[in-house]
Amino acid sequence: MVRSLLFLCLLIVNIYANKSLDQKVTVFSKYDGNSILIKWTTPDLQRDFTYKLYRTNNSNRILLSTLKKKSYEEVKNKFDQESLLAIFPYRNVNTLDEKIATKIFLKNIQSMLTSIIGSRTDISKALGTYYEDKTVRLKQKYTYEVEVFEKDKKIASKSFNIYTYKKAISPTPLAFKVEEDDDGINFSWQVDSLFNSYNMYIRKSPSTQFIRHNKYPILVNVKSDILYKDKTLKKNEMAEYKVTTVDVFGEESAFSSSATGYYKDFLMTNKIKYINTSINNFRVKLLWNKSKSKNIFYNIYRSNILNGKYKKVNVKPIPKNFYVDKTITSGKNYYYYITAVSPLGESKPSMKKLVSSFDVIAPPKVKNVKVNLNPGKVNLSWDNVKDKNLIGYNVYFAMNKDDKYYAKVNDKIIKNNKYIHTLPKNLSRFNYYYKVTAVDQKFNESEYSKILKVKLPDVIAPNQPIFSMQKVYKNKIYLQWTPIYDYDLSHYNIYTQEGTKLVKLNSKKIEKTQFELNNYKLDSLKKFMVSAVDKSGNESLKDKHILLNKRDTQAPLLSSIKYSQSSSGIKILLDIKDNDYNGFEVYRSSGKSIEFFKISNFIKTKSFTDKTLSKDTKYWYQLWVYDKTGNIKKSDTKEILWKK
């Protein structure tokens, strides 16, 4: 929040100036090839000014526009809260603390260099300090004048000339260099103007495109050797970089030359990344992430000024990842940072954390936290905390009860004693742990409430199984299906459809993937379904089914079989009128009591000729006739003497 607010200050500093009424207006302008763009500063944002912009050409002075700041109602839905605070600094400011905070905010902005102007044209338009002159021609000189009025009294003015000989182009950054260190990649380049900002672009393999790296335009300190730093690369990772110039109107230059950065794995003690602080009874408790390396100790450093001289608090190196500072004084601010110490040396300082002791009394602990569960929703409630400075509550949760760092689930302070935490319904298999704190006006936070264990109701049914095999017998049906893999699968059910109703056929839970319906006779075509049920009682869909019909047990009906001899062999011809006929096989023996052997493949037609015969030999024939259900009819044995 502080970092983004500071950046916003830099972006909109052009709207603040010294309160002296004779302060000159600072103007920025450019010709973009079609129009002349103009934006200017204002002496004091807290007072309402009117601006008149004139243009002189060939001795003719023309009033181009009369501008003034838009009303709060016109712009309140177009800007974020930080921008609205800068444009309307005392709007909706009621308490003394809010007034003091606003006054400090304005003082900090006014103390900055008024020559720095950001590229927020939308803010300039809202303030009435921006104009675009589209009625200009190429290769001309134009003279403009901005006049500032307060209640019809002229208090300041500024004249300036603009030439439209060619389009103003932002300069491409030169001398672009990168340098690696143990904390990331450092960048430097030639700075052309204090009024310019910059954008950094990055490309990592296998990507072929450069992507903007910075969220906001980069405002540089020309006295610093490092203009920008990238800390996002992983160890031993490489990336290619380019930079562009951004002028005060937001237009970018062409890319600079590219440079490659390589973040090496430097041998040094890792920096502390996360610090949590709390204060109670004038004791500051610090907690930080514990290093995974062995033989690590820690040092605590403290100062009353953010960029002041820090002194080590601890006498001996600290072996654990927490520390309680009992030496603070009421009414002061304290800044802390922590270092890790190993045989490789002392790490770089961690981020700095502010602890204020102006109001260090936290609200009472939250009690009686309760939960009411719905699918995908955890409805929490608790007893109201009685504290005159209370502003609300925070809710934290984790998936492990013993986690040191619970995640805060609410973005804004919860005003009442209820909160609904929404989670995906399919995460019902996990346990969640919640705790609640109370927060006062000074953002002192109470101790955690007792931890509440929560498990969402399981409302996700398993998938429906699919039949893989089915067999129908005379008085039995055998069913088999593919297994369902679900972490809390309980059993399966078998259904059939009777009219419009589904009837469950199993009286007990089916735990295997097969089932036999004994003493069950199919009288007609029927639907059969299988479902899966989990341990919470959720049952899968039953929309997929198979159709089974009663088993055909009637063998084919043979009318007659004709055997005849011809020059090619013995021809067999079937006379069969069975609608379910499927085919037949021929078996032959060379002796009345000798075993029969199959001499044909499966024959789908109704005739066959035996050509494998010996002269003046007797043969005995038997036919096996099949229907489509697999029923077999064996013919009588036929004795034939082959004479040819």
Side-chain angles (χ1 to χ4, degrees), residues 373-376 423-431 455-557 576 578-585 598 601-602 604 624-634:
L373 296 175
N374 295 109
L423 293 167
K425 294 180 181 179
N426 60 351
L427 296 183
S428 57
R429 72 183 70 178
F430 304 112
N431 292 325
K455 193 175 189 301
L456 289 176
D458 183 4
V459 295
I460 306 299
N463 294 324
Q464 184 183 358
I466 298 174
F467 285 110
S468 58
M469 182 187 294
Q470 57 274 344
K471 290 183 179 180
V472 179
Y473 300 94
K474 185 175 182 180
N475 292 309
K476 183 176 71 173
I477 296 176
Y478 174 79
L479 299 169
Q480 187 172 312
W481 53 90
T482 55
I484 292 298
Y485 298 100
D486 194 285
Y487 78 98
D488 65 342
L489 181 69
S490 172
H491 63 279
Y492 302 94
N493 287 328
I494 297 292
Y495 294 88
T496 187
Q497 186 167 339
E498 300 286 354
T500 58
K501 295 182 179 180
L502 293 182
V503 178
K504 190 169 76 168
L505 298 176
N506 55 298
S507 58
K508 298 181 179 180
K509 295 179 179 179
I510 305 172
E511 296 182 352
K512 297 182 179 180
T513 57
Q514 58 188 19
F515 183 69
E516 282 188 2
L517 278 168
N518 294 308
N519 301 318
Y520 188 90
K521 186 175 182 181
L522 274 174
D523 296 326
S524 60
L525 187 68
K526 276 191 177 183
K527 290 181 180 179
F528 289 84
M529 288 75 71
V530 59
S531 69
V533 184
D534 66 19
K535 293 178 182 178
S536 298
N538 299 304
E539 190 169 13
S540 69
L541 296 175
K542 299 180 277 292
D543 55 341
K544 298 174 183 177
H545 65 271
I546 57 171
L547 294 172
L548 298 180
N549 207 344
K550 63 181 180 179
R551 178 173 175 81
D552 179 9
T553 58
Q554 183 68 41
L557 298 174
I576 184 169
D578 196 314
N579 294 329
D580 199 22
Y581 171 74
N582 193 29
F584 72 99
E585 296 172 338
K598 187 170 72 171
N601 293 324
F602 187 78
K604 299 289 286 183
W624 291 20
V625 184
Y626 298 86
D627 64 12
K628 292 180 180 178
T629 310
N631 296 307
I632 304 173
K633 174 65 177 179
K634 295 181 181 180

Residue pair [X] / [Y], side-chain heavy-atom distance below 4.5 Å:
X	Y	result
Pro556	Val625	yes
Ile546	Val530	no
Lys504	Ile494	no
Ile576	Leu557	no
Ser540	Pro465	yes
Leu541	Asn463	no
Asp458	Asn538	yes
Pro483	Tyr492	yes

Nearest 0.5 Å, please: how far is [atom2] in [Y] from [atom1] in [X]?
X	Y	atom1	atom2	result
Ile477	Gln470	CD1	CD	10.0 Å
His545	Leu502	NE2	CG	11.0 Å
Leu505	Met529	CG	CE	9.0 Å
Thr513	Met469	OG1	CE	10.5 Å
Thr482	Gln480	OG1	CD	9.5 Å

_Stepwise side-chain contact (heavy atoms from CB on, under 4.5 Å) test for Phe528 and Leu517_ = CA-CA 12 Å; Phe528 289 84; Leu517 278 168; 4.0 Å; yes
*Is it true that a side-chain atom of Asp488 and a backbone atom of Ser490 form a donor plus acceptor pair closer than 3.5 Å?*
no
_Looking at Asn519 and Lys476, would you say the former's side chain and the latter's main chain have a donor-acceptor pair under 3.5 Å?_
no
Answer yes or no: does atom [atom1] of [X] have more than 12 heavy-atom neighbours from other residues, nucleotides or ligands under 6.0 Å?
X	atom1	answer
Lys550	NZ	no
Tyr485	OH	no
Asn601	CG	no
Asp543	CG	yes

_Show, in sequence, the C-alpha distance, side-chain angles and deciding distance for Leu373 and Leu456, and conclude whether the side-chain contact (heavy atoms from CB on, under 4.5 Å) test is met._
CA-CA 7 Å; Leu373 296 175; Leu456 289 176; 4.3 Å; yes
If we count only N and O atoms by modelled type, under 3.5 Å, do the side chains of [X] and [Y] hold a donor and an acceptor together?
X	Y	answer
Gln497	Tyr495	no
Tyr478	Gln514	yes
Asn582	Asp627	no

*Do you know which two heavy atoms are closest between Pro462 and Ile484, and how far apart they sit?*
CB-CG2, 4.2 Å
_Minimum heavy-atom distance Lys544-Ile466, with the two atoms named_ = NZ-CD1, 4.3 Å
_Quick check: Trp481 with Phe515 (ring centres under 6.0 Å apart)?_
no
_Candidates Tyr626, Phe584, Trp624 - the one meeting ring-ring contact (aromatic ring centres under 6.0 Å, His included) with Phe602_ = Tyr626
*Tell me, with the steps shown, if Ile510 and Asn493 meet side-chain contact (heavy atoms from CB on, under 4.5 Å).*
CA-CA 6 Å; Ile510 305 172; Asn493 287 328; 5.6 Å; no
*Go through the structure and list residues passing side-chain hydrogen bond (donor to acceptor under 3.5 Å, both in side chains) with Gln464, not counting sequence neighbours.*
none
*side-chain contact (heavy atoms from CB on, under 4.5 Å) evaluation trace for Leu522 with Tyr520*: CA-CA 7 Å; Leu522 274 174; Tyr520 188 90; 4.1 Å; yes
*Residue pairs fulfilling salt bridge (Lys or Arg N to Asp or Glu O under 4.0 Å) with at least one residue in residues 518-542, sequence neighbours excluded*: Glu498-Lys526, Glu539-Lys542
